[in-house]
There are 2 protein chains.
Amino acid sequence: MRSANEPEADDATLVRLLRRFTVESDQFTRLFGDAHGLHRTDMNALVIVMEATRRGEPITPTELARALHLSGSATTTVLDRLVAAGHVRRDRDQTDRRRIELATSPTAMKAGERFFRPLGVELSRAWRDFSDDERAVIARFLTASIDATAQTRARLSQPRATAGDEAP
Amino acid sequence: MRSANEPEADDATLVRLLRRFTVESDQFTRLFGDAHGLHRTDMNALVIVMEATRRGEPITPTELARALHLSGSATTTVLDRLVAAGHVRRDRDQTDRRRIELATSPTAMKAGERFFRPLGVELSRAWRDFSDDERAVIARFLTASIDATAQTRARLSQPRATAGDEAP
DNA sequence: TTCCGATAGTTCGGTTTTCGAATTTCTGGG
DNA sequence: CCCAGAAATTCGAAAACCGAACTATCGGAA
C-alpha cells in the first residue's frame, strides 16, 4: 500500500513514538485526578481497584499494595482517602474474615466512564480507517512489545545465573 | 496476509493492549529507579533533563517544574537530590544570569544508556520481523493515538465554548 | 478442644516529599 | 537611577510514605 511517501519508521522512531504515547497518556489520567482532587497514587489505586471490580475479581489491600509498589501502611491511608471520598468501599470477606475485598462505588465508576468516554470516542475515530489486517499487525506489535519489556524486566530484576542451569 | 486465525483486534482490545504496555513500561523505569535509589519524581525529572540535554536544548528549573506538575520549591529540592547524587549539574546562563540550565552528568547518561540498552535490544529483536509497510502502519497508528489523546486532553482542560466560535 | 505459628489489615511514631509564602538576585524599561 | 517583574531558592507547615508494633483471624497439631 504505502511504502514510499511515508516517513521511515526505524526502531528508534518506534521507541520515540511509544514514549510520546506513554507520557501523553499519563498527562491525560493526571487531568482526571486534578479534576477530582486525587493525586498520582490515589489515581493509580482507583484504576486498579476499578479494573479488578469490573473483572469480577475484587482485589485486597495487600494485593493492591504489591501492585502499587507501596507499603501496607501507606496503602491503608490511600484506601482511607478513597473511602472518605466515597470512591471505594471495604467489604469483609465472609469465608475468611481477615481479608477485605475492595469495591468501587457506582458513582466513581460512572465518573470514570464519563471522563474517559471522550477519549475512547476520539480514539475510535482516529482508528476507524484501519483495516482488520492492519489492526492485527498493530495488536501483534503491541503484544510483542509488552512481552519484550516484561521479559527484559524479569531478567534484569533476577540476575541469578548467567547461563544454563535452572533447577536446584 | 492474515485475516483469519488471528485474534480479532477491535477498539477495546487495542485500548487494553495500550494500557498494558504503559503499565509495563512504567514498571520497567521504576526498576531503574530502585536500582539507583531514585523514586518516581526523581526518575521523571532525570529523564526529562536527559532528554533536553541530548536534544541540545537544556531545560531550566521552572520549565522542569511545569513538566513535572510540581511546585518550584519542590523542584529545587528534587534538583538538590539529583545534584547531590552527581546526576545533574546546574549551569548559570551567562546572558541572563537569573536563569539556570540543567545538564546531566556523563556518568548518569552512561548509566541510563547501559540500563536501557537491554530493553532496546529486546525490542529490536521483537520487531525484526515487521516489514517496512507494517512499520508504517504502526507509526501511523501511534501518531494518530497520540494526537487523539492530546487533542482530547486539550479539549477537556479548556471547556471554553461548546460550539462554533473561536476567534475573538 | 486448646494452643501456636502464620496471615490480613490497621495503628503509631518518625523520615521524606511537597507546598505556599517570603527572600534574593537579576533583567529591562521609564 | 529606580522599579515592576522574572528566576531560583529558602523557610516553616502539611501531606505522603515507611518500618515496627498491634489486633483479629485462620489453619493445623498436640
Side-chain angles (χ1 to χ4, degrees), chain A residues 26-27 29-30 33-34 36-49 52-53 57-85 87-104, chain B residues 26-27 29-31 33-49 52-53 57-85 87-104:
Chain A
D26 188 69
Q27 304 259 349
T29 67
R30 191 195 312 256
D34 289 351
H36 291 75
L38 304 174
H39 42 221
R40 266 207 73 76
T41 303
D42 292 9
M43 271 299 302
N44 292 2
L46 186 55
V47 167
I48 290 174
V49 175
T53 299
E57 301 172 356
I59 199 175
T60 70
T62 303
E63 294 168 331
L64 181 62
R66 185 172 299 272
L68 289 173
H69 287 85
L70 217 60
S71 73
S73 54
T75 304
T76 295
T77 68
V78 167
L79 287 174
D80 286 346
R81 289 195 293 265
L82 290 179
V83 168
H87 295 132
V88 168
R89 205 184 50 225
R90 287 191 243 231
D91 293 340
R92 285 222 100 91
D93 187 340
Q94 293 303 352
T95 71
D96 186 344
R97 291 170 50 78
R98 293 171 301 182
R99 312 185 80 205
I100 283 191
E101 293 184 347
L102 280 348
T104 51
Chain B
D26 189 67
Q27 306 259 349
T29 67
R30 192 196 310 257
L31 189 65
D34 290 350
H36 291 75
L38 304 173
H39 44 148
R40 267 207 74 75
T41 303
D42 290 15
M43 271 298 303
N44 291 3
L46 186 55
V47 167
I48 291 174
V49 174
T53 299
E57 301 173 357
I59 198 175
T60 69
T62 303
E63 293 167 332
L64 180 62
R66 185 171 301 269
L68 289 172
H69 288 85
L70 218 59
S71 73
S73 54
T75 304
T76 296
T77 68
V78 167
L79 288 174
D80 287 346
R81 289 195 294 265
L82 291 178
V83 168
H87 294 134
V88 168
R89 206 184 49 226
R90 288 192 241 230
D91 293 339
R92 285 222 99 90
D93 187 341
Q94 293 303 353
T95 70
D96 186 344
R97 293 171 48 78
R98 292 171 301 181
R99 315 185 75 196
I100 282 191
E101 293 183 347
L102 280 346
T104 52

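Each chain gets a letter, A, B and so on, in the order the sequences are listed, and its residues count up from 1.
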In whole angstroms, how far is the P atom of D:dA15 from the CG atom of A:Asp42? 13 Å

Among the nucleotides C:dG9, C:dT18, D:dC11, which one has an atom lying closest to any side-chain atom of A:Ile100? C:dG9

Trace of the salt bridge (Lys or Arg N to Asp or Glu O under 4.0 Å) decision for A:Asp80 with A:Arg90: CA-CA 10 Å; A:Asp80 286 346; A:Arg90 287 191 243 231; 2.2 Å; yes

Has the side chain of B:Ser73 got a donor or acceptor that lies under 3.5 Å from a partner of the other kind on the base of C:dG20? yes

Separation between CD (B:Glu101) and OG1 (B:Thr60), nearest 0.5 Å, reads 8.5 Å

Is it the case that C:dG9 (base atoms only) and A:Thr60 (side chain only) share a donor and an acceptor within less than 3.5 Å, ignoring hydrogens and angles? no

Which residue lies more 5' along DNA chain C, comparing A:Arg98 with A:Thr75 via nearest heavy atoms: A:Arg98

CG-NE2 distance between A:Leu79 and A:His87, expressed to the nearest 0.5 angstrom: 13.5 Å

Using a heavy-atom cut-off of 4.0 Å across all strands, would you classify B:Thr76 as base, sugar-phosphate, or nothing? base

Starting at CZ of A:Arg89, measure out to CD1 of A:Ile100 and round the result to the nearest 0.5 Å. 12.0 Å

Interatomic distance, B:His39 NE2 vs D:dC17 P [rounded to whole Å]: 12 Å

So, is B:Thr77 close to the C:dT18 phosphate, meaning a side-chain N or O under 4.0 Å from OP1 or OP2? no

Spacing between B:Arg99 atom CZ and C:dG28 atom P, to the nearest angstrom: 11 Å

Separation of atom CZ in B:Arg97 from atom P in D:dA8, rounded to whole Å: 14 Å

To the nearest Å, give me how far apart NE2 (A:His69) and C1' (D:dA16) are. 18 Å

Nearest 0.5 angstrom please: A:Leu70 CG to A:Asn44 CG, how far? 10.0 Å

Using a cut-off of 4.0 Å on non-hydrogen atoms, how would the nucleic acid contact of A:Arg81 be classed: base, sugar-phosphate, or nothing? sugar-phosphate

Could you check how far CZ of A:Arg40 sits from P of D:dC17, rounded to whole Å? 11 Å

Closest listed nucleotide, where the reference is the side chain of B:Ser71 and the choices are D:dT10, C:dG9, C:dC19: C:dC19

Over how many whole Å does the gap from B:Leu38 atom CG to D:dC17 atom P extend? 17 Å

Measure the distance from CE on B:Met43 to C1' on C:dT17 and round it to the nearest whole Å. 17 Å

Using a 4.0 Å heavy-atom cut-off, does A:Arg90 contact any base of the nucleic acid, only the sugar-phosphate backbone, or nothing at all? sugar-phosphate

